[in-house]
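Note that the coordinates shown come from a computational prediction; the quantities given were computed from them, not determined experimentally.
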Amino acid sequence: MSEGSGQIDLLVVGGGINGAGIARDAAGRGLSVTLCEAEDLGHATSSASTKLIHGGLRYLEYYEFRLVREALIEREVLLEAAPHIIWPLRFVLPHESSLRPAWMVRLGLFLYDHLGGRKRLPGSRSVNLSRDSVGAPLKSDLRKAFEYSDCWVEDSRLVVLNAMDAAARGARVLTRTRCVAAWREGGIWLATLQDADGSVHNVSARAIVNAAGPWVTEVLGKVAGVNKPSGLRLVKGSHLVVPKLYDGDQAYIFQNDDRRIVFVIPYEGDFSLVGTTDEGYEGDPGAVAISPAEADYICRAINRYLRTPISPEQAVWSYSGVRPLYDDASANVSAVTRDYVFDVDAPEGQAALLSIFGGKITTYRKLAEHAMEKLRPHLGFTQGEWTKSAVLPGGDMPGADFNAYLAARTKDLEWLPGPLLRRYLRAYGTRVDDLLSGARRLSDLGEDLGGGLYRAEVDYLRRAEWAMTADDILWRRSKLGLHVPDGTEGRLTGYLDHARTSPLGQAAAR
């Protein structure tokens, strides 16, 4: 059913990774789809992760074998689909016999190597820390470690790429657009959407997906008027970004004495990302921030292992997110399942409302497939699964080989400084030519607003990726906020304000 008919098949509420993934999957099956997001794409939880595509090694202790297996399979699927924003990362796990015996760690890593049918990533191995260079940053009393593979992901870019692909397949993506009310009428949903300027318009849909993350119960009850037990448990996770703690590409996973783990991960070249925490959260998910106790906790856990101690005062940035987990009544917050659960509200003869609880960024694609199967009886589509072998925008590199693609583009884009070209290819992959749009020299990219952020990139992000504010560009479409000089944010805001009001700028946005 087309937009022009006045009725669509599916309204997706929430522009995080789950909402964007479902919109993409549905649009690719020929359904008419509208996605509305109250803020920017990936504004909340989906841009506040530890930025890993991983199986979840620690979940094996909680017997989450199905979840771990699914995540391990997805790890390689996603690595093929988006090699520009996802890449392999080796993790070093120092052995602390007082916390977990070596046999338990070996068994866990054996399962981790074999549960998901690993193909591209190297397997685990034992490491002698006194001989291997990965031992250099660690305290001298640590003698043994284990090393294994997972993947890094630019989390908020993954959301945007899914939304881009959904839009390319016919979905309508509305950012800064809040669903303020929804009600059933004549076997369909009528929904009122409110834009940032206060204007409202109605949408009729055969079904709604509630992918509002931490706001899922608010949409369920206050917006759609469906009164059910919450089923939601909010768990806060916080991270610190500090100046680079060591040389090398390896990440570390450290066991803490409360049986949780913390990561130290190379970040943005000049920094290290450390975290995360797990604690119950109450209050507005949009106002979440790291607490002094969380910062102290992270540093204490890290200092148990590193030769050079760190303190919260060293942090150059911090971020927090609220995980919208399914409440499985676990007493231990860290043990709450990371698996996803669907609630389908579909009284006989009435339009369906599918609400999502839980999930993790690694399994978003499978979550979308499973959501579509739940919706199939209500929407009656016949098209099957398709996303497993479909690349994301910019990911269509020969052999999914980023380094080979970088080498090839270095030759034909030799006028671009090497670090800038690498950043462009990491962010945009094969879509770099859309950004460059015929440029032949650096001056063709327009004014440098600071730190290598040229106007051509800003225009591309407005035109192709729904970027509207400085935060959208500096902290979600990129992490340039960590690198640009003082004054860049102000110049960028001024340029965006001008672009929104000028005829040329409006044309570029379209």
Side-chain angles (χ1 to χ4, degrees), residues 1-43 46 81-82 156-179 182 188-191 193 195 201-213 219 351-354 356 364-365 367-376 378-388 390-395 431 434 461-468 472 476-477 509-510:
M1 295 183 183
S2 69
E3 289 277 344
S5 70
Q7 180 177 300
I8 60 171
D9 294 313
L10 190 63
L11 172 64
V12 180
V13 180
I17 189 59
N18 291 335
I22 290 171
R24 176 197 184 215
D25 192 314
R29 297 183 196 235
L31 300 179
S32 53
V33 180
T34 293
L35 181 151
C36 67
E37 161 57 43
E39 302 290 344
D40 182 30
L41 295 169
H43 177 78
S46 294
S156 49
R157 290 211 57 74
L158 184 65
V159 179
V160 171
L161 295 187
N162 274 271
M164 289 174 67
D165 203 32
R169 297 174 190 276
R172 188 181 183 202
V173 177
L174 305 175
T175 62
R176 270 82 181 187
T177 302
R178 186 181 303 273
C179 182
I188 62 169
W189 282 102
L190 295 179
L193 307 184
D195 298 335
H201 54 103
N202 290 332
V203 172
S204 61
R206 298 170 61 208
I208 292 179
V209 166
N210 174 10
V219 170
L353 170 65
L354 183 148
I356 301 166
Y364 86 90
R365 192 195 66 83
L367 181 151
E369 284 186 344
H370 291 155
M372 295 308 296
E373 285 308 304
K374 293 286 187 182
L375 290 169
R376 186 185 294 274
H378 307 284
L379 294 177
F381 56 87
T382 57
Q383 295 90 333
E385 298 171 356
W386 65 274
T387 57
K388 185 173 183 178
V391 297
L392 286 161
R431 297 294 177 97
D434 293 345
L461 291 172
R462 292 182 63 243
R463 181 177 69 248
E465 297 195 5
W466 300 277
M468 295 178 66
D472 296 351
R476 281 182 289 278
R477 304 307 183 280
R510 290 193 294 270

Item to check | Test ring pair (Phe, Tyr, Trp, His ring centres under 6.0 Å) applied to His370 - qualifying residues, sequence neighbours left out | outcome: Tyr340

Nearest-0.5 Å distance that lies between atom [atom1] in [X] and atom [atom2] in [Y]:
{"X": "Leu31", "Y": "Leu375", "atom1": "CG", "atom2": "CG", "answer": "8.5 Å"}
{"X": "Met468", "Y": "Thr175", "atom1": "CE", "atom2": "OG1", "answer": "5.5 Å"}
{"X": "Leu392", "Y": "Leu161", "atom1": "CG", "atom2": "CG", "answer": "5.5 Å"}
{"X": "Glu465", "Y": "Ser156", "atom1": "CD", "atom2": "OG", "answer": "10.0 Å"}
{"X": "Asn162", "Y": "Arg365", "atom1": "CG", "atom2": "CZ", "answer": "10.5 Å"}
{"X": "Glu373", "Y": "Asp25", "atom1": "CD", "atom2": "CG", "answer": "9.0 Å"}

Checklist entry - Are the charged groups of Arg176 and Asp472 less than 4.0 angstrom apart, N to O? => result yes

Item to check | Note: Arg178-Glu39 ion pair, threshold 4.0 Å (strictly below) | outcome: yes

Item to check | Audit row: Leu41, Leu35, side-chain contact (heavy atoms from CB on, under 4.5 Å) steps and yes/no | outcome: CA-CA 10 Å; Leu41 295 169; Leu35 181 151; 4.3 Å; yes

Check whether any side-chain heavy atom of [X] lies under 4.5 Å from a side-chain heavy atom of [Y], and answer yes or no.
{"X": "Arg29", "Y": "Glu385", "value": "yes"}
{"X": "Ile22", "Y": "Leu367", "value": "yes"}
{"X": "Asn202", "Y": "Leu190", "value": "no"}

Output yes when a side-chain donor or acceptor of [X] lies under 3.5 Å from a complementary backbone atom of [Y], and no otherwise.
{"X": "Thr177", "Y": "Leu193", "result": "no"}
{"X": "Arg376", "Y": "Gln383", "result": "yes"}
{"X": "Arg206", "Y": "Ile188", "result": "no"}

Item to check | Contacts of type salt bridge (Lys or Arg N to Asp or Glu O under 4.0 Å), residue Arg431, not counting sequence neighbours | outcome: none

Which pair of heavy atoms, one from [X] and one from [Y], lies closest together, and at what distance?
{"X": "Tyr364", "Y": "Arg24", "result": "OH-NH1, 4.3 Å"}
{"X": "Trp189", "Y": "Ala352", "result": "NE1-O, 2.9 Å"}
{"X": "Val209", "Y": "Leu10", "result": "CG2-CD1, 3.8 Å"}
{"X": "Phe381", "Y": "Met372", "result": "CZ-O, 3.2 Å"}
{"X": "Ala27", "Y": "Ala166", "result": "CB-O, 3.8 Å"}
{"X": "Ala211", "Y": "Ile356", "result": "CB-CD1, 4.0 Å"}

Item to check | Partner set under side chain to side chain contact (heavy atoms under 4.5 Å, CB included) for Val219, not counting sequence neighbours | outcome: Val13, Asn210, Ala212, Val223

